[in-house]
Amino acid sequence: MDEHWCYEIQAQEPNSNCKGPSEWPGDCQKTHQSPINIVTKEAKVNSNLKPFTFSGYDQKKKWEVKNDGHSVKMMLGNGSFITGGDLPAQYQAVQLHLHWSHDLNKGSEHSIDGKHFAMEMHIVHEKGTSRNTAEDSKDRNAVLAFMIEVGNEVNEAFQPLVEALPRISKPSSTNTTMSEVCLEDMLPKKEKLVHYFRYLGSLTTPTCDETVVWTVFEEPIKLHEKQFLEFSKQLYYDEEQKLVMKDNVRPLQELGDRQVFRS
Ligand SMILES: Nc1nc(-c2ccc(Cl)c(S(N)(=O)=O)c2)cs1
Ligand SMILES: [Zn+2]
């Protein structure tokens, strides 16, 4: 059967029969890929990059969360959506997931002036109000990317997710429900969300469709070290729990002929 895609750390496992990043299928070998290193002084100020309007992000809900073998993923249904941010339409929030390492400086997928962060959180949105799956345009998806740093304060808004991790340690674990939390509380303060970078790229997982309008916020989220360590302690890539889930980070891709903008 065709080998499934995996991250480098998994491909290096003895007799792993999965495809690492250099062998990822689909559009993964094309030239408008993600993630990238953002060189802040080369980012062009674009005054159309207005603040976002977050709708439904303030609803306290018991989100369903799963280990999908690549990350931990909160399913957002379609009660939340964003407008503004120079997006051409309203985008429905679909899922939230994270990327991380064990090292504080190599867990983010994007880097800013060469700096990687401990984790990176992605909120994946789809254009429009219905699931117009037919569309394959360059801006079918909008991902909001947040860098995560480790600090010495517990981030209470992340406790429901951290406390759910032991219940979904294996990819086959049944989905679990988190205790109540609202997305808004998991993000940096709204007034900090006016500063962000913008470029056109791809999904950072196969099939790497080049359909994503990326927004990388400057203001990082802060988690306590204990919270951060839970991700690479509680979650596994595999059923046998041989390989803890960490370094689920795609290598940096070439910017090529693209321009990065900033608000
Ligand atoms: N764990 C998994 N993540 C995805 C996924 C789907 C859509 C997107 Cl846009 C992304 S990403 N990393 O580019 O935000 C990831 C599939 S499976
Ligand atoms: Zn992601």
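Whatever order the structure lists them in is the order used to number ligands and atoms, beginning at 1.
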Would you mind listing which atoms of ligand 1 come within a distance below 4.0 Å of any non-hydrogen atom of [X]?
X: His122; result: 11 (S), 12 (N), 14 (O)
X: His70; result: 1 (N)
X: Val124; result: 8 (C), 9 (Cl), 14 (O)
X: Asp68; result: 1 (N), 2 (C), 17 (S)
X: Thr205; result: 4 (C), 5 (C), 15 (C), 16 (C)
X: Gln95; result: 4 (C), 5 (C), 6 (C)
X: Ser71; result: 1 (N)
X: His97; result: 10 (C), 11 (S), 12 (N), 14 (O), 15 (C)

*Going by the side chain to side chain contact (heavy atoms under 4.5 Å, CB included) test, name the single residue among Asp185, Leu223, Val181 that passes it with Phe158.*
Leu223

*Under a 4.0 Å heavy-atom limit, does Thr204 contact ligand 1 with its side chain, its backbone, both, or neither?*
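It is both backbone and side chain that touch ligand 1.
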
*Which segment of Val143 sits under 4.0 Å of ligand 1 when only heavy atoms are counted*: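 The part of Val143 near ligand 1 is the side chain, not the backbone.
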
*Any idea how Trp24 and Trp5 line up, ring-wise: parallel (<30°), tilted (30 to 60°), or perpendicular (>60°)?*
perpendicular

*Relative to the Zn ion (ligand 2), which of the N, O or S atoms in His122 is the closest?*
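Restricting His122 to its N, O and S atoms, the minimum distance to the Zn ion (ligand 2) goes to ND1.
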
*So is His99 in contact with ligand 1, going by heavy-atom distances below 4.0 Å?*
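Yes, that is the case, since the closest heavy atom of the residue is under 4.0 Å from the ligand.
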
*Under 3.5 Å between some N or O of ligand 1 and some N or O of Trp5?*
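No, no N or O pair falls under 3.5 Å.
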
